[in-house]
A.B. asks: 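Got a structure here, written out as structure tokens. Questions coming.
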Amino acid sequence: MTTKSQTYLHHFRNIGIAAHIDAGKTTTTERILYYTGRTHNIGEVHDGAATMDWMEQERERGITITAAATTAKWKHSATGEEYTVNIIDTPGHVDFTIEVERSMRVLDGAVAVFDSSQGVEPQSETVWRQADRYGVPRIAFSNKMDKTGASFELVLSDIKERLGAIPAPIQYPMGQESEFKGIIDLVRQRAHTYTNDLGTDITESDIPEQYMDKVREMRAQLIEAAAEVDEDVMMKFLEGEEPTVEEMVKAIRKGTIEKRIFPVLCGSALKNKGVQLLLDAVVDYLPSPLEVPAIKGKLEDSEETVEFPADPDGKLAALAFKIMADPYVGRLTFVRIYSGTMQSGSYVYNATKEKRDRVGRLLRMHANSREEVTELRAGELGAVIGLKDAGTGNTLIGDGDDRVLLESIDVPEPVIKL
Ligand code: GDP
């Protein structure tokens, strides 16, 4: 049951973007930060500035996505509801197993980016298996739909054959390669056509007649996958009735969180096509902190395990997952708060180092600005200034609380190449 003080968590998504090198992780992340910043005018983003200018300027200054966790806001295009999306930097290099483990522990869901001209490559398979191992629900983004050789069907069949997963196509591209001009949303049954090169002008319409056969075929696959996991959709499926949009979203969401189905989307991050719909899908299908298993910890000197459900009123349980040196403020400790609330100026207990430590200031990191806050609540990620001793992977709990260490995931040592 959700208490009143937990309700804000329904509007939180903590996600990583996983891809092997070159599939378009950086471009996709930049576009996400552009669109989320644009809607909400965070920092220096001006609505009047041309998209490409802004992104190129950022690239030159090299200040995008240097934070281990970036907080963005997104208003769902169909429902208008606002969400906080924390994007956790996920290492693309598969050799850094420990780094991957740390990032996987602090995210609740992931977007797996594929290059649709290549399908599922051996390296993307490794990334996928890692997410499997850590039990991370995910959606797939079939990127580079504009590129020669791009094929959405190839990605779908590779997901099935090479990854052994059931793909749920929730979109279908209108045109591929240089003809790629829009995306059909198979859940809401709407066509989104991009009418300028920047991808900022989108016309929404009924599905053009020429795609209807393909849409029926793809939608049948989708409904079948949804029926497997949800009784309401199954009933309608058996009676030959169409499920409603809400029923479809609910079923696909359930299947995604249970890791039984994997929604597949398409687009071109480089050509700014599909990123807004990708953000809508993050909100629709990836879990909130309330929908993932609560993190567990071990009580000191005992075999007893305690759980920390995501609740701002619970006992503080946080994990330091990345330490960064900042030229202005010094040592920044990135934390995920699983339970309780961390206050600026308070004392915490580092259960790993067995030392008290003081939280100085707290920051929420945005794409190109920092926001100082007085507290970080359960489900949130941010950076602490002032902690002297915290190292990556350390457990932080309330000063004076029962000593507990957050569980670690059993992974092999990183592969060191000579
Ligand atoms: P990362 O290594 O996964 O972070 O990949 P990048 O985002 O750096 O992209 C790798 C290369 O692919 C760059 O040259 C990008 O410009 C290009 N790229 C990324 N997205 C797209 C896309 O949607 N279409 C095309 N044609 N190229 C893309």
Side-chain angles (χ1 to χ4, degrees), residues 15-36 51-70 72 87-96 99-100 103-104 107 110-128 130-131 138-156 158 171-183 192-194 196-200 202 264-279 281-282 367:
I15 62 156
I17 299 172
H20 85 78
I21 282 156
D22 238 34
K25 184 177 96 168
T26 312
T27 316
T28 306
T29 311
E30 279 177 1
R31 277 4 178 211
I32 287 178
L33 293 178
Y34 169 75
Y35 285 112
T36 51
T51 318
M52 295 314 288
D53 279 2
W54 180 79
M55 284 186 291
E56 256 142 42
Q57 267 181 33
E58 292 300 301
R59 206 193 282 271
E60 265 168 34
R61 282 186 283 165
I63 57 167
T64 36
I65 42 172
T66 47
T70 308
I87 300 159
I88 294 121
D89 186 34
T90 318
H93 225 283
V94 290
D95 286 348
F96 303 126
E99 287 261 318
V100 174
S103 66
M104 293 283 178
L107 50 84
V111 176
V113 180
F114 297 106
D115 176 338
S116 51
S117 69
Q118 305 293 322
V120 174
E121 298 163 272
Q123 269 201 62
S124 21
E125 212 173 313
T126 315
V127 176
W128 187 271
Q130 263 163 346
R138 75 215 81 134
I139 58 180
F141 182 58
S142 181
N143 187 33
K144 304 199 188 181
M145 282 307 308
D146 62 300
K147 206 177 149 189
T148 307
S151 163
F152 186 59
E153 271 94 346
L154 171 71
V155 174
L156 292 180
D158 271 7
Q171 296 180 345
Y172 191 74
M174 289 191 278
Q176 310 203 63
E177 306 178 291
S178 61
E179 297 294 304
F180 176 54
K181 54 181 175 296
I183 293 164
H192 299 256
T193 311
Y194 295 89
N196 70 352
D197 283 345
L198 294 175
T200 44
I202 309 171
V264 190
L265 296 90
C266 59
S268 163
L270 189 67
K271 298 284 165 70
N272 296 301
K273 292 184 171 66
V275 179
Q276 296 98 323
L277 290 171
L278 172 63
L279 278 158
V282 162

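First listed ligand is number 1; within each ligand, the first listed atom is number 1. These figures come from a predicted structure and were not determined experimentally.
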A.B. asks: Taking all heavy atoms of Tyr194 and all of Gly182, pick out the closest pair and write down the distance.
C.D. replies: CD1-CA, 3.7 Å
A.B. asks: Which bit of Ser268 is near ligand 1, meaning a heavy atom under 4.0 Å away: side chain, backbone, both or neither?
C.D. replies: both
A.B. asks: Take Ile139 and Val111 through the side chain to side chain contact (heavy atoms under 4.5 Å, CB included) test and state the conclusion after the steps.
C.D. replies: CA-CA 5 Å; Ile139 58 180; Val111 176; 4.0 Å; yes
A.B. asks: So is Lys147 polar-close to ligand 1, meaning N/O to N/O under 3.5 Å?
C.D. replies: no
A.B. asks: Which ligand 1 atoms are under 4.0 Å away from a heavy-atom of Gly24?
C.D. replies: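 Heavy-atom distances to Gly24 below 4.0 Å select 1 (P), 3 (O), 5 (O), 6 (P), 7 (O), 9 (O).
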A.B. asks: Return the NZ to CD1 distance between Lys273 and Ile183, rounded to the nearest 0.5 Å.
C.D. replies: 9.0 Å
A.B. asks: Using heavy atoms and a threshold below 4.0 Å, how should the contact between Val113 and ligand 1 be classified: side chain, backbone, both, or neither?
C.D. replies: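 Within the 4.0 Å criterion, Val113 makes no contact with ligand 1.
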A.B. asks: Within the distance-only criterion (no hydrogens, no angle test), does the side chain of Ser124 pair as donor or acceptor with the backbone N or O of Val120 below 3.5 angstrom?
C.D. replies: no
A.B. asks: Could you tell me which residues satisfy side-chain contact (heavy atoms from CB on, under 4.5 Å) with Thr193, sequence neighbours excluded, listed by chain and number?
C.D. replies: Met174
A.B. asks: Under 4.0 Å from a heavy atom of Ala269: give me the atoms of ligand 1 that qualify, with their elements.
C.D. replies: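 This gives 23 (O) as the contact atoms.
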A.B. asks: So is Ala23 in contact with ligand 1, going by heavy-atom distances below 4.0 Å?
C.D. replies: yes
A.B. asks: Quick one: which ligand 1 atoms are inside 4.0 Å of a heavy atom on Ile21?
C.D. replies: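 Ligand 1 atoms under the 4.0 Å threshold to Ile21: 2 (O).
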A.B. asks: Would Leu270 count as a polar contact of ligand 1, with the cut-off being nitrogen or oxygen pairs under 3.5 Å?
C.D. replies: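 So ligand 1 has an N or O lying under 3.5 Å from an N or O of Leu270.
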A.B. asks: Residue-level breakdown please: for Thr26 versus ligand 1, do any non-hydrogen atoms fall below 4.0 Å on the side chain, on the backbone, on both, or on neither?
C.D. replies: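 Both of them.
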A.B. asks: Checking Glu179 now: which residues fulfil side-chain contact (heavy atoms from CB on, under 4.5 Å) with it, not counting sequence neighbours?
C.D. replies: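 Scan of Glu179 (side-chain contact (heavy atoms from CB on, under 4.5 Å), adjacent residues dropped) gives none.
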A.B. asks: With a 4.0 Å heavy-atom cut-off (strictly under), which part of His20 contacts ligand 1: side chain, backbone, both or neither?
C.D. replies: backbone
A.B. asks: Counting heavy atoms only, which of Lys25, Arg31, Lys144 comes nearest to atom 3 (O) of ligand 1?
C.D. replies: Lys25
A.B. asks: Find the distance between OG (Ser117) and CD (Gln176) and round it off to the nearest 0.5 Å.
C.D. replies: 11.5 Å
A.B. asks: Out of curiosity, is Met145 lining ligand 1, as in a heavy atom under 4.0 Å away?
C.D. replies: no
A.B. asks: Quick one: sort the Phe114 and Trp128 rings into parallel, tilted or perpendicular, breaks at 30° and 60°.
C.D. replies: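 Rings of Phe114 and Trp128: tilted, as their planes differ by 30° to 60°.
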